[in-house]
Amino acid sequence: MSVDHYAFASDNAIGICPEAWAAIEESNLNGVGSYGDDAYTKEACQRIRDLFEKDVEVYFVFNGTAANSLALSAICRSYHAIIAHEKAHIHTDECGAPEHFTGGSKILPCSGELAKLTTSEIDRAVSQRRDLHFPKPKAMSITQSTEFGTTYSVDEVRALTECARSHGLRVHLDGARFSNAVASMGVSPAETTWKAGVDVMSFGLTKLGVGVGEAVVFFDRSLAEEFDYRCKQAGQLASKMRFLTAGWCGLLRDDAWIKVARRANAHAQILREQLSDVPGVELLFPTQANAVFARFPQPVNAAMASKGWHYYELAGIGDSRLMCSWATRKEDIFAFVNDLRQC
Ligand SMILES: *Cc1c(COP(=O)(O)O)cnc(C)c1O
C-alpha cells in the first residue's frame with residue numbers, strides 16, 4: 001500500500017470506519033421511516049442512554065458547529081454571555097454560529113495553559129462587569145478532549161462546573177473528540193459528564209469514524225424543551241436521518257467506539273515516541289488523546305510539504321498538529337518520521 005500523505009492532516013480527512021460503514025450499508029437495505037422515526041435512530045438514542053447510564057434527551061444534527069450552537073441556544077438568550085477558552089472551537093472556528101443561533105450572546109474568551117479553562121479565569125470573566133450594560137454570563141463551555149489534545153480530569157471538570165454553578169452558569173461540553181478523552185482517561189462517560197456537573201453536551205463521532213452527524217445530549221432534560229423546533233428551523237433535521245444514525249449504531253454496538261478511540265490514541269503515542277528521537281523536534285503539549293503537537297525547524301515544514309505531507313499549524317506558535325485516527329497505520333508513522341529525519 002502506498003503512503004497516505006494526509007494521514008496526520010486531520011481526523012476529518014479520513015473515511016468512514018468499517019464498523020460504521022457496515023451499519024450504514026445494512027440500513028440502506030432495511031431502513032424505513034423518515035425524519036428520525038426509524039429503527040436506527042431509536043437504537044442510536046437508546047445506546048447513547050445506555051452509554052451515559054441516564055435517560056438523556058438526544059437530537060442528531062449534521063455537524064459540530066450546529067451541535068454547539070444549538071446546544072448553547074437552548075441555554076442562552078440574546079443578552080447573555082458564554083465563558084469559554086480563547087482557543088475554543090466555538091470561539092475560533094464556527095464563524096459566529098453560537099452568537100447567531102443564540103441571537104447575540106457574547107463569548108467571553110479566557111486564557112489558560114494547554115487550552116484548558118481554570119476556575120480563576122471563570123471568576124475573573126464573571127466579575128469583570130456585573131452591571132446592566134454588559135451581557136450577563138449564563139453559560140460555560142469546555143472542550144473534552146481540548147483543541148490542544150489535552151484532557152480535563154474528572155476532578156478538574158467537577159471543580160469547573162462547581163465554580164460555574166456558584167456564578168449561576170449552565171455547563172456545556174464540546175465533545176467533538178470525547179471518545180478519545182474517555183479512552184485515554186479510563187473513566188466512564190457518565191463520570192466525566194453529568195456526574196461531574198455537565199448539563200448538555202455536543203457528542204461527536206464524526207472524527208472518530210462516522211461520515212456525518214453529531215448528537216446533542218441533554219443531561220438536564222428541561223433544557224431540551226422545544227429543541228426539536230430549534231433543530232428544524234436551523235435546517236438540522238435530516239429527512240433520511242437513518243443515514244446519520246446507522247453509523248452511530250455501528251460504533252456504539254459491541255463497544256466499537258472505545259476500541260477505535262483507544263487505537264487512535266495508541267497510534268498518537270507511537271508517533272510521539274518516534275518523534276522524540278528525531279533531533280530538532282520539539283514536542284509541545286502532553287499527548288492525552290489522539291493529537292500530537294510538535295514544532296519542527298521552519299525549513300522542515302516546506303520540505304515535508306514538497307514530499308507531499310499535509311498537516312496544519314493550529315496553536316499559532318509555529319506548531320505542527322498531527323492527528324491520528326482509526327485509519328492511521330504504523331507504515332504511515334514510520335514513513336512520516338523517516339521523511340522528517342531526511343528533511
Ligand atoms: C471538529 C470540531 C468541532 C466540529 O466541527 P464541525 O466542522 O462543525 O463539524 C467542534 N469542536 C471541536 C473542538 C472540534 O475539533
Side-chain angles (χ1 to χ4, degrees), residues 6 8-16 20 59-73 82-102 107 109-110 112 114-117 139-152 157 171-184 192-193 198 200-217 231 234-236 238 244-245 247-248 251 261 264-265 268 285 287-293 311-316 319 321-326:
Y6 278 87
F8 309 108
S10 173
D11 36 5
N12 273 334
I14 52 155
I16 297 173
Y59 297 84
F60 289 94
V61 296
F62 287 102
N63 62 24
T65 299
N68 286 339
S69 305
L70 291 172
L72 288 165
S73 80
I82 301 158
I83 291 167
H85 193 276
E86 61 194 354
K87 295 292 180 187
H89 199 271
I90 57 165
H91 183 50
T92 63
D93 283 286
E94 299 188 353
C95 194
E99 292 88 335
H100 175 71
F101 283 103
T102 54
I107 294 180
C110 296
L114 306 176
K116 287 162 73 170
L117 208 52
M140 172 188 81
S141 178
I142 54 174
T143 308
Q144 177 83 298
S145 54
T146 70
E147 286 75 3
F148 287 2
T150 54
T151 52
Y152 290 97
V157 175
V171 178
H172 167 255
L173 182 85
D174 178 348
R177 298 190 179 92
F178 181 70
S179 309
N180 300 96
V182 167
S184 100
T192 189
T193 56
V198 175
V200 58
M201 167 184 182
S202 306
F203 184 14
L205 285 195
T206 302
K207 284 166 177 152
L208 191 71
V210 304
V212 62
E214 310 280 89
V216 180
V217 179
C231 290
Q236 294 294 325
L244 272 64
T245 50
W248 279 72
L251 270 169
N265 292 354
F285 312 129
T287 295
Q288 295 175 326
N290 59 327
V292 181
F293 281 78
Y311 53 84
Y312 301 102
E313 175 178 349
L314 213 99
D319 56 295
R321 186 198 66 163
L322 306 168
M323 297 303 307
C324 291
S325 70
W326 71 266

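Note that this is a predicted model, so its numbers are computed, not measured. Remember, it's 1-based here, ligands and their atoms both numbered in the order they're listed.
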Tell me which protein heavy atom sits closest to [atom], plus the residue, atom name and distance to 0.1 Å.
atom                    : value
atom 11 (N) of ligand 1 : Asp174 OD2, 2.6 Å
atom 4 (C) of ligand 1  : Gly64 CA, 3.4 Å
atom 5 (O) of ligand 1  : His89 CE1, 3.3 Å
atom 14 (C) of ligand 1 : Lys207 NZ, 2.8 Å
atom 8 (O) of ligand 1  : Thr65 OG1, 2.5 Å

### Task
For Gly209 and Trp326, work out which heavy atoms get closest and say how close.
CA-CD1, 4.1 Å
With a cut-off of 3.5 Å and sequence neighbours excluded, list every side-chain donor-acceptor pair involving residues 90-100.
{"unit_1": "Thr92", "atom_1": "OG1", "unit_2": "Ala88", "atom_2": "O", "d": "3.2"}
{"unit_1": "Glu94", "atom_1": "OE2", "unit_2": "Asn68", "atom_2": "ND2", "d": "2.8"}
{"unit_1": "Glu94", "atom_1": "OE2", "unit_2": "His89", "atom_2": "ND1", "d": "2.6"}

### Message
With a cutoff of 4.0 Å, is Ile90 in contact with ligand 1, counting heavy atoms of the residue only?
### Response
no
### Task
Decide whether the shortest distance between a heavy atom of Arg177 and an atom of ligand 1 is less than 4.0 Å.
yes
### Message
Only heavy atoms of Ala176, strictly under 4.0 Å: list the atoms of ligand 1 that pass.
### Response
2 (C), 3 (C), 10 (C), 11 (N), 12 (C), 14 (C)
### Task
Enumerate the atoms of ligand 1 whose separation from the nearest heavy atom of Thr143 is less than 4.0 angstrom.
13 (C)
### Task
Quick one: look at Thr206 and ligand 1, take heavy-atom pairs under 4.0 Å, and tell me if it's side chain, backbone, both or neither.
neither
Less than 4.5 Å apart, any side-chain heavy atom of [X] and any of [Y]?
X      : Y      : answer
His85  : Ile142 : no
Thr192 : Phe178 : yes
Val157 : Val198 : yes

#### Entry: Partner of Arg321 by side chain to side chain contact (heavy atoms under 4.5 Å, CB included), out of Phe148, Phe293, Tyr311
Phe293
### Query
Roughly how far, to the nearest 0.5 Å, is OG of Ser141 from NE2 of His172?
5.0 Å
